[in-house]
**Student:** 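I'd like to ask some things about the structure below.
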2 protein chains.
Amino acid sequence: MRDNNEMPGHLARRFQQIAVAVFLAEVEEAGFDLTPVQYAALSAIRTNPGIDQVTLAGLIAYDRTTITGVVDRLVQKALLVRHASSRDRRARELQITEAGKRTLRAITPAVEAAQRTMLRGLTEKEGAELMRLLRKATAAGNALSRAPLRDAELR
Amino acid sequence: MRDNNEMPGHLARRFQQIAVAVFLAEVEEAGFDLTPVQYAALSAIRTNPGIDQVTLAGLIAYDRTTITGVVDRLVQKALLVRHASSRDRRARELQITEAGKRTLRAITPAVEAAQRTMLRGLTEKEGAELMRLLRKATAAGNALSRAPLRDAELR
DNA sequence: TACTGATAATCAGCATGCTGAGCAATATCG
DNA sequence: CGATATTGCTCAGCATGCTGATTATCAGTA
C-alpha cells in the first residue's frame, strides 16, 4: 500500500489547503474580508455584467447550488446586486456595484501576492510547469466533476 | 488583470475538485461509502494503532477540529473504536476494527484506480513531474496552513 | 505543593461543496 | 394549442474545513 502522502489526491488537497490559507492571509492583511470563491465570482461578474447564476457557475467551475450562497453573501456585503431578468423571469441578472469595483481594484495586489506565495519554493520555470500540468490535467478531467468549467459563449 | 483560470489558486482548487469527484465515484462503484478524509484517517490509524487525534491530524495534515467529526463518523460506521487513554486522560486512543481492516483491504483497488484516473491526460512522465512539483510546493508552504503535516516521531 | 502554562478534545459558528428534490418559467414538439 | 421536457434557482441535508473559545488534564516550576 502506497503511503497516503505520496498519492496525487492527497497532494492535490494539500496544495489547495495551502493556497486557500495563503489567499485568506494576504487578503486579510490588505484589510479585506473576501474568500477565494467570492473573489472569483466578483471578478467574473465584473467582466460579464448581467450574467445569470448558472452561466457564472460554469465560468468559474463552481456548483450552481454553491453559487447561490456565495452570491447571497456578496449581495449582503453590497458588492453585488441581483435582480430578476426581464427576458427570462427564472433567471437573476448579476451586476457588480461601485463598491464591488473598488474592492476588486484594491484587493488585486494582495491576490497576486498570494499566487506568488503559494508557488514559493518552486523556481520560475517549475512554477510555470506546474501550472501547465495542472491545466492539462484539469482539462482532461473537466467533465468528471459536477461543476465543469464551461465557456460562456458556448451556451 | 490576469484571467482567473490562469491563477495557481484556481487551478489548485479545480484539480482538487476533480480529484475528490473521481475518488468518490470510484469508491461508490466499488460498493463503499467512504470520503477521502475518512480513507486517509482509517489508513493512518491502521498503520499507527492507538494513535491520538492530534497526532493523527498532523500525520495527514487535517485540522484537529475537523478530525473530531471525521472520527465520529468512522466510529458510527463501526470502522474505528475510540477510548480514553490510560496514560493521558485527555487523549483518546484510536483503534481500527476488523471491519475497518476489511474495508481498507477491499477499497484499495478503487483508491488506486482513482489516483490513475485523476492523472489521465498526462503522460507517465508528466504525472510523476506533477507529483514532484506538488510535493516541493507543499513542503515549502507546509507551515502556512493551520493544519501542517507533522511527523509522528517528532512529537 | 500551589501556580502557571501547555495540551487533547470538543463545541459554536461560518463558508464551501456536494446530492437530490422541488418550484416556477421557458422551450419544444406532436 | 397543449403536453412534455428542459432550465434557472432554491432548499434540505450532509461532510469538509476553518476560527476562536471552553473544558479537562497534564507538566513544569516557584
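Values below: every heavy atom of this structure, side chains too, minus hydrogens, waters and symmetry copies.
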**Student:** Roughly how many Å is it from CG in B:L34 to P in D:dC14, rounded to a whole number?
**Tutor:**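 Atom-to-atom, B:L34 to D:dC14, this comes out as 18 Å.
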**Student:** For the pair made of CZ in A:F23 and C1' in D:dC18, what is the distance, rounded to whole Å?
**Tutor:**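 Atom CZ in A:F23 sits about 15 Å away from atom C1' in D:dC18.
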**Student:** Take atom CG of A:L42 and atom C1' of C:dA15, then tell me their distance rounded to the nearest Å.
**Tutor:**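 Taking CG of A:L42 and C1' of C:dA15, I get 16 Å after rounding.
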**Student:** Tell me which nucleotide among C:dT16, D:dT16, C:dA8 gets nearest to the side chain of A:Q38.
**Tutor:**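 Nearest listed nucleotide: C:dT16.
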**Student:** Counting only side-chain heavy atoms from C-beta out, which of C:dA25, C:dA9, C:dT10 sits nearest to A:R90?
**Tutor:**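 Among C:dA25, C:dA9, C:dT10, the one nearest the side chain of A:R90 is C:dA25.
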**Student:** Please report, rounded to the nearest Å, how far the C1' atom of C:dG17 is from the CD1 atom of A:I60.
**Tutor:**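 In whole Å, C:dG17 C1' lies 13 Å from A:I60 CD1.
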**Student:** Which heavy atom of B:L74 sits nearest a heavy atom of B:L42, and at what distance?
**Tutor:**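 What the structure gives for the nearest pair is CD1-N, 4.3 Å.
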**Student:** Check the distance between C:dA8's C1' and B:R87's CZ and give it to me in whole angstrom.
**Tutor:**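 Taking atom C1' of C:dA8 as the reference, CZ of B:R87 is at 13 Å.
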**Student:** Quick check on D:dT16: is either OP1 or OP2 less than 4.0 Å from any side-chain nitrogen or oxygen of B:Y62?
**Tutor:**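 Checking D:dT16 against B:Y62, no side-chain N or O comes under 4.0 Å of OP1 or OP2.
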**Student:** Pick the closest DNA chain C nucleotide for B:A91 and for A:Q16 by heavy atoms, then say which residue is nearer the 5' end.
**Tutor:**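 First, find each residue's nearest nucleotide; the 5'-ward one identifies B:A91.
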**Student:** Just the rounded figure in Å: distance from P of D:dT16 to OH of B:Y39.
**Tutor:**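 Rounded to the whole Å, the gap is 16 Å.
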**Student:** Of the listed nucleotides (C:dT26, D:dC9, C:dC11), which one gets closest to any side-chain atom of A:R89?
**Tutor:**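 Of the options given, the side chain of A:R89 lies nearest C:dT26.
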**Student:** Locate the shortest heavy-atom distance separating B:R14 from A:P148; write the atom from each residue and the value.
**Tutor:**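 Heavy atoms only, the tightest pair is NH2-CA, 3.5 Å.
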**Student:** 5'-most contact on DNA chain D: B:R64 or A:T68, nearest heavy atom basis?
**Tutor:**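 Nearest-nucleotide comparison on DNA chain D picks A:T68.
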**Student:** From the set D:dA15, C:dC18, D:dG8, return the single nucleotide nearest to any side-chain atom of A:T65.
**Tutor:**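 Of D:dA15, C:dC18, D:dG8, C:dC18 is nearest to the side chain of A:T65.
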**Student:** Send over the distance from B:R14 CZ to C:dG17 C1', rounded to a whole Å.
**Tutor:**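 Atom CZ in B:R14 sits about 13 Å away from atom C1' in C:dG17.
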**Student:** Any idea which heavy atoms bring A:A40 and A:I60 closest together, and the distance?
**Tutor:**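 Result for this residue pair: O-CG2, 3.9 Å.
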**Student:** Closest to the B:Q53 side chain: C:dA9, C:dC18, D:dG20?
**Tutor:**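 Nucleotide nearest to B:Q53's side chain: C:dA9.
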**Student:** Return the nearest nucleotide to the side chain of B:V70; candidates are C:dT19, C:dG17, D:dT16.
**Tutor:**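 Side chain of B:V70 sits closest to D:dT16.
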**Student:** By a strict heavy-atom criterion of less than 4.0 Å, which residues belonging to residues 71-84 of chain A are in contact with DNA chain C?
**Tutor:**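 Of all residues in residues 71-84 of chain A, the ones placing a heavy atom under 4.0 Å from DNA chain C are A:R73.
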**Student:** Among D:dT16, D:dT10, C:dA9, find the nucleotide with the atom closest to the side chain of B:T35.
**Tutor:**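 Of all the options, the side chain of B:T35 is nearest to D:dT16.
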**Student:** Any carboxylate oxygen within less than 4.0 angstrom of a Lys/Arg side-chain nitrogen, looking at B:E129 and A:R132?
**Tutor:**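 Here B:E129 does not pair with A:R132 in a salt bridge, since their nearest N and O are not under 4.0 Å apart.
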**Student:** Are any of B:R92's side-chain N or O atoms less than 4.0 Å away from OP1 or OP2 of C:dT10?
**Tutor:**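 Yes.
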**Student:** Is a side-chain donor-acceptor pair under 3.5 Å present for B:D88 with B:S85?
**Tutor:**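 No, B:D88 and B:S85 have no side-chain donor paired with an acceptor closer than 3.5 Å.
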**Student:** Checking side-chain polar atoms at under 3.5 Å, does A:Q16 have a donor or acceptor matched by the opposite partner on A:R13?
**Tutor:**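 Their side chains do not contain a donor-acceptor pair, so the 3.5 Å distance test is not met.
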**Student:** Ignoring the backbone of A:D52, work out which of D:dC9, C:dT16, C:dT10 is nearest its side chain.
**Tutor:**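 Given the options D:dC9, C:dT16, C:dT10, the side chain of A:D52 is closest to D:dC9.
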**Student:** Given C:dG17, D:dG8, D:dG17, identify the nucleotide with an atom nearest to the side chain of A:Q17.
**Tutor:**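 In terms of side-chain proximity for A:Q17, the closest of C:dG17, D:dG8, D:dG17 is D:dG17.
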**Student:** Rounded to whole Å, please give me the gap between CG in B:D63 and C1' in D:dA15.
**Tutor:**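 Nearest whole value for this atom pair: 15 Å.
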**Student:** Might you point out which heavy atoms bring B:I45 and B:I96 nearest each other, and give the distance in Å?
**Tutor:**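 Scanning both residues, the minimum pair turns out to be CG2-N, 3.8 Å.
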**Student:** What nucleotide, of D:dT16, D:dC9, C:dG17, holds the atom closest to the side chain of A:V37?
**Tutor:**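 Out of D:dT16, D:dC9, C:dG17, the nucleotide with an atom closest to A:V37's side chain is C:dG17.
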**Student:** Between A:D88 and A:E28, who's closer to the 5' end of DNA chain D by nearest nucleotide?
**Tutor:**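 The residue closer to the strand's 5' end, by nearest nucleotide, is A:D88.
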**Student:** Taking all atoms of both residues into account, what is the closest heavy-atom pair of A:A21 and B:S145, and its distance?
**Tutor:**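 Smallest interatomic distance, heavy atoms only, reads CB-CA, 3.9 Å.
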